[in-house]
2 protein chains.
Amino acid sequence: MNSTRKQEIINIASRLFKERGYNAVSMRDIAQAMDMKAASLYNHISGKQEILATLILEVAEEFTEKMNSIASETSTPLQKIKKVIEVHIDITVNFSEHIATLNNDWIHLEGVSLKRVVKMREDYEDNFRNIIKQGISEKQIKPQHPEVILFSILSTLRTLYLWNEKRGKMDVNVLKKDMVSVLINGIV
Amino acid sequence: MNSTRKQEIINIASRLFKERGYNAVSMRDIAQAMDMKAASLYNHISGKQEILATLILEVAEEFTEKMNSIASETSTPLQKIKKVIEVHIDITVNFSEHIATLNNDWIHLEGVSLKRVVKMREDYEDNFRNIIKQGISEKQIKPQHPEVILFSILSTLRTLYLWNEKRGKMDVNVLKKDMVSVLINGIV
DNA sequence: AAACAAAACTAACGATTGTTAGTTAGATAT
DNA sequence: ATATCTAACTAACAATCGTTAGTTTTGTTT
């Protein structure tokens with residue numbers, strides 16, 4: 001199977017897309033980073049779009065699986081939110097290259113892949129929103145507009161990859177503890 | 001002066017950049033949206049880069065001014081943070097198109113403009129970080145890692161433009177109140 | 001009415017883009 | 001040894017890109 005070589009291409013492309021964005025990276029750029037010529041890439045992938053789609057779906061599916069698992073747990077809304085934060089941090093650390101592309105370049109997906117990723121994103125947000133609403137109705141969470149809570153937490157988690165590198169030596173478990181504390185209990 | 005026509009171009013480009021990103025928008029796209037031919041744009045601007053640079057610097061300077069003003073105030077760190085949040089919301093609402101480009105396409109700036117924007121961004125973060133550190137040392141803020149607090153608040157503010165449209169009829173002042181509450185006091 | 005400047009136009013340039021066709025080198029299987 | 005298959009190569013394509021040169025239209029000033 002060419003699957004290992006294909007994965008190599010995707011990983012290298014992932015790094016370049018993160019640095020410069022999908023449209024600013026040419027097939028010749030990817031090929032050069034792979035030490036081959038652009039035309040040779042087509043022995044392993046069908047085109048630039050396939051690289052983008054595979055790349056993004058790999059990590060999007062990771063998020064979807066984990067969220068579905070959390071949503072169907074039998075625990076309190078607050079415990080679920082804590083889990084969501086931790087899972088997000090884990091995925092960000094493990095797929096640190098892919099995440100930038102998921103966040104910035106999903107717009108450049110076409111056709112079915114675009115539809116699929118948008119749907120997954122919506123479902124993810126719906127799940128999260130429902131957990132928050134549940135928490136409010138159980139009086140575990142302040143009766144604030146759910147949308148404000150949802151996007152406060154979600155934007156922080158989604159852009160975590162941007163400063164994850166700067167976090168330097170901060171241990172992942174410390175990071176989890178701190179972020180859970182800040183996002184749930186505030187800063188005062 | 002051609003300054004009004006130039007501003008028209010920048011505003012239209014701003015809308016297109018927001019929707020598709022800098023690299024996916026051609027000069028011919030901008031021209032078409034302006035009801036003219038691409039070559040005619042060059043009567044008003046020197047090139048695509050100038051559009052991007054002017055666009056981004058317009059709003060970046062807004063942030064810098066406001067932050068400098070807040071930093072030099074004589075008020076408690078917590079009051080300053082509240083002000084920063086409110087200012088961010090105001091600018092996001094007033095420059096809703098520009099903000100997307102500032103956030104996503106600043107990487108595509110070149111030369112002096114790039115250097116300048118990066119510097120402004122760093123200064124802005126430094127100011128914010130110092131306010132937080134001050135708050136911690138005055139025991140107004142929990143002794144958490146300042147970086148976690150800084151980026152939790154900042155990522156939420158920076159991506160506000162993404163869901164600002166969905167916020168629908170929510171009044172700006174209500175939004176300010178809710179966000180200050182969530183970001184400072186948490187959700188429980 | 002003549003002169004002028006501003007802002008639009010047409011046409012074209014060199015460079016780069018994603019992709020295809022056809023070919024060749026190297027490894028594996030018969 | 002021969003045939004087969006994989007994965008690399010060279011060369012080229014049509015399309016699109018940002019930009020320039022030269023020209024014409026439009027509107028204002030004298």
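Sequence lines set the chain letters: A, B, ... in the order given, protein chains first and strands last, and positions in each chain run from 1.
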Q: Side-chain N or O of B/Arg5 less than 4.0 angstrom from OP1 or OP2 on C/dA6?
A: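 The answer is no; no side-chain N or O of B/Arg5 sits under 4.0 Å from OP1 or OP2.
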
Q: Which pairs pass salt bridge (charged side-chain N to carboxylate O under 4.0 Å, His left out) with one or both residues in residues 173-187 of chain A, sequence neighbours excluded?
A: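 Those involving residues 173-187 of chain A are A/Asp90-A/Lys176.
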
Q: Between C/dG18 atom C1' and A/Glu50 atom CD, what is the distance in whole Å?
A: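 Distance, rounded to whole Å: 14 Å.
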
Q: For B/Lys80, what residues pass the side-chain contact (heavy atoms from CB on, under 4.5 Å) criterion, not counting sequence neighbours?
A: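 By the side-chain contact (heavy atoms from CB on, under 4.5 Å) rule, B/Lys80 matches B/Ile70, B/Glu73, B/Ser75, B/Ile131.
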
Q: Could you report the tightest heavy-atom contact between A/Leu102 and A/Phe63, atom names first, then the distance?
A: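 The pair with the smallest heavy-atom distance is CD2-CE1, 3.9 Å.
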
Q: If the condition is side-chain hydrogen bond (donor to acceptor under 3.5 Å, both in side chains), which residues does A/Glu65 pass it with, not counting sequence neighbours?
A: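 Residues passing side-chain hydrogen bond (donor to acceptor under 3.5 Å, both in side chains) with A/Glu65: none at all.
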
Q: Round to the nearest Å and state the distance from B/Asn43 atom CG to C/dC9 atom C1'.
A: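 After rounding, the gap between these two atoms is 10 Å.
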
Q: Expressed as a whole number of angstroms, how long is the span from B/Ile45:CD1 to C/dA6:P?
A: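 Answer to the nearest Å: 17 Å.
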
Q: Atom CG of B/Asp35 and atom C1' of C/dA7: how far apart are they, to the nearest Å?
A: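 Result: 15 Å.
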
Q: Please report the distance, rounded to the nearest Å, between CD in B/Gln32 and P in D/dT16.
A: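 So the CD-P distance, B/Gln32 to D/dT16, works out to 13 Å.
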
Q: Protein-nucleotides 17-24 of chain D N/O pairs closer than 3.5 Å?
A:
unit_1	atom_1	unit_2	atom_2	d
D/dG18	OP1	B/Lys48	NZ	2.8
D/dG18	OP2	B/Met27	N	2.8
D/dG18	N7	B/Arg28	NH1	2.9
D/dG18	O6	B/Arg28	NH2	3.0
D/dT19	OP2	B/Tyr42	OH	2.7
D/dT19	OP2	B/Lys48	N	2.9
D/dT19	O5'	B/Tyr42	OH	3.3

Q: Applying salt bridge (charged side-chain N to carboxylate O under 4.0 Å, His left out) as the test, list every pair that has at least one member in residues 39-60 of chain A; sequence neighbours left out.
A: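 Of all non-adjacent pairs touching residues 39-60 of chain A, those that pass salt bridge (charged side-chain N to carboxylate O under 4.0 Å, His left out) are A/Lys6-A/Glu50.
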
Q: Check side-chain hydrogen bond (donor to acceptor under 3.5 Å, both in side chains) between B/Asp29 and all other residues, then give those that pass, not counting sequence neighbours.
A: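 Residues passing side-chain hydrogen bond (donor to acceptor under 3.5 Å, both in side chains) with B/Asp29: B/Arg20, B/Ser26.
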
Q: Please report the distance, rounded to the nearest Å, between CE in A/Met34 and C1' in D/dA7.
A: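 About 11 Å, once rounded to whole Å.
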
Q: What is the distance, to the nearest angstrom, from the NZ atom on B/Lys6 to the P atom on C/dA6?
A: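 B/Lys6 atom NZ is separated from C/dA6 atom P by 16 Å.
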
Q: Verify the contact: side-chain N or O of B/His44 to OP1 or OP2 of C/dA8, cut-off strictly under 4.0 Å; return yes or no.
A: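 Yes, because at least one side-chain N or O of B/His44 sits under 4.0 Å from OP1 or OP2 of C/dA8.
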
Q: Tell me the interatomic distance from A/Met36, atom CE, to C/dA25, atom P, rounded to whole angstroms.
A: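 Those two atoms, CE and P, are 18 Å apart.
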
